[in-house]
Amino acid sequence: MNAPRTSAPQAAPGTGRLVLLTTTHRVAPGLLSWPAWQTLRAADRVLCADADHPQLPYLRDAGIDVEITEADARALVAYCVADAAAGGGADGGAEAAAGGRTVVVVTSAAGESALTNELAALAGSGRAAVPDLELLPGSYDLPGARLLDLVQIMDQIRLACPWSSQRTHQDLAKYGIEEAYELVEAIEAGDRDELREELGDVLLQVVFHARIAQDDPAEPFGIDDVAATIVDKLIRRHPHLFGDASARTPEEVKELWLRTKAVEKQRTSVTEGVPLGQPALALAAKLALRARKAGISALPDGPGVGYELLALAARAEAAGTDPETALRAAARTYRDAIRAAEESDAQASGAMGAGESAE
């Protein structure tokens, strides 16, 4: 949403104008829309109830006099709709007589619910003239703005919460695994509400770990460093978008990604970078994929179910099937079959009990 690039609206003849100027704390103070600056400069009065409002130093630097006071609805209405006999506005009276006065109320973070309620009551009564009422956004949230709230909240929790302030990366490791599994389950279930919530839980793990890392005495880093690292990586891995490379199909993009990654990592073995902590079928499939792409045939043939599963995972990967996903889908079907059998047994037991009671 963009603020319109127009001249500051003028008050209607004889009514005046009362403007509620809203801002967001997620945009740097002083960065206001042009209509907001125009309205502030043209106003007869500018009021703000919050003496610590972050916009105030910048308004004062711009030569705007801000009154620190609680806004009284009736007083402001009387001031705005003043007629010629009520005296002058910013230019000595004639302008106010012709068009009323303009008052801007710089709203606080909590809003001005008492003022707006009083203004609504006055406007709805029909017993008094009221100025033109306007809500003017001075600054707007950009996409991703709520991430700033998350970082701020996490910082407060880390500093003040007895539990969170003592956590380490090692303490949180198990939660990262749990949240990842819960995310996978939400995806498989197709539940959009659960998906949104679980994505948030995974995001929390990232922000929490970054805040812990910020406290490291030897090698500190924060969430901005984490974001900068992934931004740089995405740009490097997409030279067809941010460079001179060419890739027109998904297959070409994937090949380009792998080539770029190989140059970056300079690994001496295809097994490097394969996390051994992942589920066994996924691990087997990943090793099989790396070996197959490198032209390495080294699949061991040993006794027992472990080697049988390893061979089965390798065959599935070669056929283009993810064995972990396939087994999870089969296991979910198995779970549903177990529940159906339990319900059937419960119904049969209930029917038998009812028959015995009848006898």
Compare all side-chain heavy atoms of [X] with those of [Y] and state whether any distance is below 4.5 angstrom.
X	Y	value
Ile296	Val270	yes
Leu310	Pro300	yes
Val27	Tyr140	no
Leu183	Asp201	no
Val19	Val105	no
Leu20	Leu136	no
Leu199	Arg196	no

Short N-O contact, [X] and [Y], less than 4.0 angstrom:
X	Y	value
Lys265	Glu272	no
Asp155	Arg158	no
Arg17	Asp132	no
Lys233	Glu264	no
Arg45	Glu67	yes

Exercise for the section: Evaluate the criterion side chain to side chain contact (heavy atoms under 4.5 Å, CB included) for residue pair Leu150 and Leu203; output intermediate values, then yes/no. Expected result: CA-CA 9 Å; Leu150 176 58; Leu203 179 59; 3.7 Å; yes
Gap separating the [atom1] atom of [X] from the [atom2] atom of [Y], nearest 0.5 angstrom:
X	Y	atom1	atom2	result
Asp65	Arg60	CG	CZ	8.5 Å
Thr102	Glu134	OG1	CD	9.5 Å
His209	Leu172	NE2	CG	4.5 Å
Ile230	Asp225	CD1	CG	13.5 Å
Arg292	Ser297	CZ	OG	12.5 Å
Asp149	Gln152	CG	CD	6.5 Å

Near [X] [atom1], under 6.0 Å, is it more than 12 heavy atoms from other residues, nucleotides or ligands?
X	atom1	answer
Asp61	CG	yes
Arg74	CZ	no
Arg335	CZ	yes
Glu185	CD	no
Phe242	CZ	yes

Could you pull out the closest heavy-atom pair between [X] and [Y], with the gap in Å?
X	Y	answer
Gly138	Ala36	CA-CB, 3.9 Å
Val106	Cys48	O-SG, 3.6 Å
Pro137	Thr22	CA-OG1, 3.2 Å
Trp37	Ala62	CZ3-CB, 3.7 Å
Ala51	Leu56	O-CD1, 3.5 Å
Pro131	Val81	N-CG1, 3.7 Å

Any donor-acceptor pair under 3.5 Å from [X] side chain to [Y] backbone:
X	Y	answer
Thr39	Pro35	yes
His53	Thr107	yes
Ser164	Cys161	no
Gln278	Pro275	yes
Glu179	Glu198	no

Exercise for the section: Output, in order, the C-alpha distance, side-chain angles, deciding distance and verdict of side-chain hydrogen bond (donor to acceptor under 3.5 Å, both in side chains) for Ser246 and Arg248. Expected result: CA-CA 7 Å; Ser246 175; Arg248 293 182 174 83; 3.1 Å; yes
I'd like to know if the side chain of [X] pairs up with that of [Y] as donor and acceptor (distance under 3.5 Å, no hydrogens or angles considered).
X	Y	value
Thr24	Asp141	yes
Glu112	Ser108	yes
Thr168	Asp171	yes

Flag yes if [X] and [Y] sit in one hydrophobic cluster, no otherwise; membership is Ile, Leu, Val, Met, Phe, Trp, Tyr, and two members link when side-chain heavy atoms are under 4.5 Å apart.
X	Y	answer
Ile157	Leu159	no
Leu289	Val274	no
Val253	Val263	no
Leu287	Leu299	no
Ile177	Leu204	no

Handout entry: Full working for side chain to side chain contact (heavy atoms under 4.5 Å, CB included) between Val66 and Leu47
Key = CA-CA 5 Å; Val66 182; Leu47 283 65; over 6 Å; no
Problem - Parallel, tilted or perpendicular: ring planes of His238 versus Trp257, cut at 30 and 60 degrees - result: perpendicular
Handout entry: Step-by-step side chain to side chain contact (heavy atoms under 4.5 Å, CB included) determination, Leu21 to Leu40
Key = CA-CA 9 Å; Leu21 180 67; Leu40 286 164; 3.9 Å; yes
Exercise for the section: Could you go through the side chain to side chain contact (heavy atoms under 4.5 Å, CB included) check for Leu119 and Val77 one step at a time? Expected result: CA-CA 8 Å; Leu119 290 172; Val77 167; 3.8 Å; yes
